[in-house]
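For reference, the structure is listed below as structure tokens.
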Amino acid sequence: MAKFAINLKEGKLQAPKSDVIIGIDLGTTNSLVAYIKDGEAVAVKGKNGKSTLVPSIVHFDENGGTIVGDIAREKLLSEPENTIYSVKRLMGKSYKDVQNVEQYFGYKIIDEDTESLVKIRVFDRFYTPIELSAEILKELKERIEIELDSVVSKAVITVPAYFNDAQRQATRDAGKLAGLDVLRIVNEPTAASLAYGINLDKNNGQTIAVYDLGGGTFDISILSIQDGIFEVLSTNGDTFLGGDDFDRVIIDFWQNAYFQNNDTFTQKNQKLRIKAEEAKKHIGKHESYESELDGIQLQLTSTQFQALSKELVARTLKSCQQALTDAKLSIQDIDHIVLVGGSTRMPVVKDAVRDFFQKEVHDKLNPDEVVALGAAIQADILAGNQKDILLLDITPLSLGIETVGGLMDTIIPRNSKVPIRVGRQYTTSVDGQKNLKIAVYQGERDLVEHNRKLGEFILRDIPPMPAGIPKIEIQFLLNADGILTVRAKELRSNVSQSVEMRPTYGITEEEMAKMLIDSIQNAEGDMKVRGLLEARNEANNILHSADKFLEQHASILSEVEKINTQKLVEALRIATAGEDKDYINKAMDELNTYTAPLAHRAMDATIGAAMRGKKV
Ligand code: AMP
């Protein structure tokens, strides 16, 4: 029975704090939370006691209230514009990155051709993928707090092995915003291997293939584990291949067989889609499936399904072969094969993987839960409960630099393994800028003023160029002795400068702990300020471009277009002076939408002029 404490100041009952570190699988389709209960990793079920899976879907009402999970999923069809799914696909991505996949989303991703991070518009509010993921994490946090009857604050979160720094940082930020101290970001295939205890044979190195076929994505990762240290040797896959495609081939098949020329029975018909998924699952255990829809008999035999799914399975195996080639390994080098994702329950998939690797597969655990279970095991290792497993040296606080508006841009996140080297590119914000100040900070807060300053230096003599053109690489190298070398180099001119500093010098364990707690307690406020400053920076860039555009292309614009553009520019200028980020985003959105066709016309005119001037 848990004890409750009373907060004397507020006179409220307070649930006791738990030392448990939780493991979270923050998935594209579903998310789960797990922990170690009586020595065993278990995934936590919801209030209804039904499923351990929480659909990674966030539904918003008009006032900005949220619902996450099963109930949100029910709104997917009726309110697609304010029901957000697959947000993981957007984590750490810029508008440019997602341009080609936008048609897959039923909601509004702001339409812009820039390097800034994507935002999603719901009613009149703008949300980052970090904020949306935080909603899912809050739901999972609440779920386990009910289970444990106590407050949890520490977590391990998994990400795909191919996630880059920005995507990992976004995941950490989401954790922080949900009130969680993210002790470690772990690769999903590593977690899956941990769940099967593959790390335990310490004498020998092992090579593992993790085959992960979910609802909408496929990943194959080749890992090696040596002396307790996992390393990703290669990854491959297809971000748009999964269980849904197996449903689709069944629908195609039925369409040809029964519904030819019938417009109702298309891929969009939800009832037909549900039948197809049902058939797919049924065929795994039986020879044939029979059902009926609106008076028409539906049939599918396992032999038929095998033929239908052959090409899809072959595509996954081709990725496996590529991953092996990239890791410079052959099939014989693989010691273990781990299956992850609901779609690996299909016998056609299991058999094909077994045949390809010529080895038995690990499939005893629930393939939907295996990543979360592994995350819980990793969390338990971090809690010091599994003493015989090696932990690498890690850096206790994040290291980064100050960017426009006083924002902290983390370059080495806390808990990174050392030694580590990370480089990131920046540019100037003023035309002809010759010097750039690089101020280095340590800490978890979003504004540098709340973090600890380690030092600063100036990169001088950058050749004069328009704003945005110089390519300045800032590289952080933290060596095993804890010495940080920061180097800045303008890549077009090779001008460079570097300094050394010692981040842990003069800071106590208590101070570090305090910095961490502060960051979690202030996460929400910090996020708001960051959102506002980022929106302002972006707006200032757009205002700068808009002024230039009006000046250079006045000749191709009609009077009405000029006046309208100027009005929208003015509205954006006013919004930017204010404090409401959604208002700024909205004004940016409106200006962009209005000027996009004008910019196209300007481009055509410029190209036309260039062509006319050219001798053929
Ligand atoms: P879920 O495991 O419910 O997240 O679903 C992920 C994907 O796995 C979906 O495409 C499901 O249709 C698929 N899936 C789940 N269970 C089975 C099963 N028993 N047989 C075939 N596919 C399945």
Side-chain angles (χ1 to χ4, degrees), residues 24-34 43-46 48 50-57 68-74 76 85-89 104 136 139-140 158 160 188 192 195 210-220 237-254 267 270-289 291 300-302 304-310 312-313 315-316 338-354 361 363-373:
I24 289 177
D25 171 5
L26 183 59
T28 309
T29 322
N30 292 301
S31 297
L32 299 89
V33 57
V44 182
K45 289 186 176 147
N48 56 14
K50 250 181 26 209
S51 172
T52 54
L53 303 178
V54 175
S56 304
I57 301 173
V68 174
D70 287 313
I71 300 173
R73 185 165 58 184
E74 287 164 18
L76 216 46
Y85 60 94
S86 277
V87 65
K88 186 173 177 178
R89 293 188 191 275
Y104 291 97
I136 300 166
E139 176 75 20
L140 296 170
T158 58
E188 286 160 11
V210 180
Y211 180 102
D212 180 348
L213 188 62
T217 56
F218 170 65
D219 293 303
I220 172 78
D238 189 330
T239 43
F240 290 97
L241 170 62
D244 302 345
D245 296 285
F246 289 78
D247 304 344
R248 266 178 222 127
V249 292
I250 298 176
I251 297 174
D252 278 342
F253 172 72
W254 282 342
Q267 292 282 355
Q270 281 304 317
K271 282 195 281 184
L272 194 58
R273 222 188 55 70
I274 289 164
K275 288 282 179 195
E277 189 180 6
E278 194 178 276
K280 175 183 74 175
K281 291 183 179 174
H282 185 86
I283 282 298
K285 297 205 179 89
H286 307 88
E287 270 310 304
S288 66
Y289 170 86
S291 184
L300 185 72
T301 68
S302 78
Q304 283 166 336
F305 181 60
Q306 225 163 21
L308 293 173
S309 53
K310 206 167 173 177
L312 294 171
V313 177
R315 268 166 66 192
T316 69
V338 173
L339 297 186
V340 179
S343 299
T344 61
R345 289 198 182 93
M346 284 185 274
V348 282
V349 169
K350 232 182 249 197
D351 294 344
V353 176
R354 201 183 282 127
V361 294
D363 65 349
K364 297 288 170 290
L365 297 172
N366 178 336
D368 288 316
E369 292 181 356
V370 55
V371 168
L373 299 178

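Positions are given from 1, in the same order as the sequence printed here. Because only heavy atoms are used, hydrogens play no part in the values below, and waters and symmetry mates are left out as well, while side chains stay in. Predicted, not measured: the structure shown is a model, and the values here were computed from it. Indexing begins at 1, ligand by ligand and atom by atom, following the structure's order.
When all heavy atoms of S291 and E278 are compared, the closest pair comes out as OG-OE2, 4.5 Å. Residue V340 comes nearest to A192 through the heavy atom pair CG2-CB, 3.6 Å, listed as atom of the first residue, atom of the second, then distance. Of all heavy-atom pairs spanning G27 and S56, the tightest one is O-OG, 2.9 Å. Residues K280 and G243 approach most closely at NZ-O, 3.2 Å, considering heavy atoms. Closest approach of D368 to G341, counting heavy atoms only: OD1-C, 4.1 Å.
D25 CG to L373 CG: the interatomic distance, rounded to the nearest 0.5 Å, is 9.5 Å.
The shell of residues lying under 4.0 angstrom from ligand 1, judged by heavy atoms, excludes T29. The shell of residues lying under 4.0 angstrom from ligand 1, judged by heavy atoms, includes S343.
The protein atom (non-hydrogen) at minimum distance from atom 14 (N) of ligand 1 is G342 O, 3.5 Å. Protein heavy atom at the shortest distance from atom 21 (C) of ligand 1 is M346 CG, 3.3 Å. Atom 18 (C) of ligand 1 has as its closest protein heavy atom K281 CG, 3.5 Å. Closest to atom 3 (O) of ligand 1, if we only count protein heavy atoms, is L53 CD1, 4.2 Å.
Of the candidates E369, K280, H282, it is K280 that places a heavy atom closest to atom 22 (N) of ligand 1. When E278, R345, K285, E277 are checked for heavy-atom proximity to atom 15 (C) of ligand 1, R345 turns out nearest.
Distance check for atom 5 (O) of ligand 1: every protein heavy atom is found at 4.0 Å or beyond.
Distances below 4.0 Å separate heavy atoms of D368 from the following atoms of ligand 1: 1 (P), 2 (O), 4 (O).
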What do the steps show when you test Y211 against T344 for side chain to side chain donor-acceptor pair (under 3.5 Å), and what is the final call? CA-CA 8 Å; Y211 180 102; T344 61; over 6 Å; no
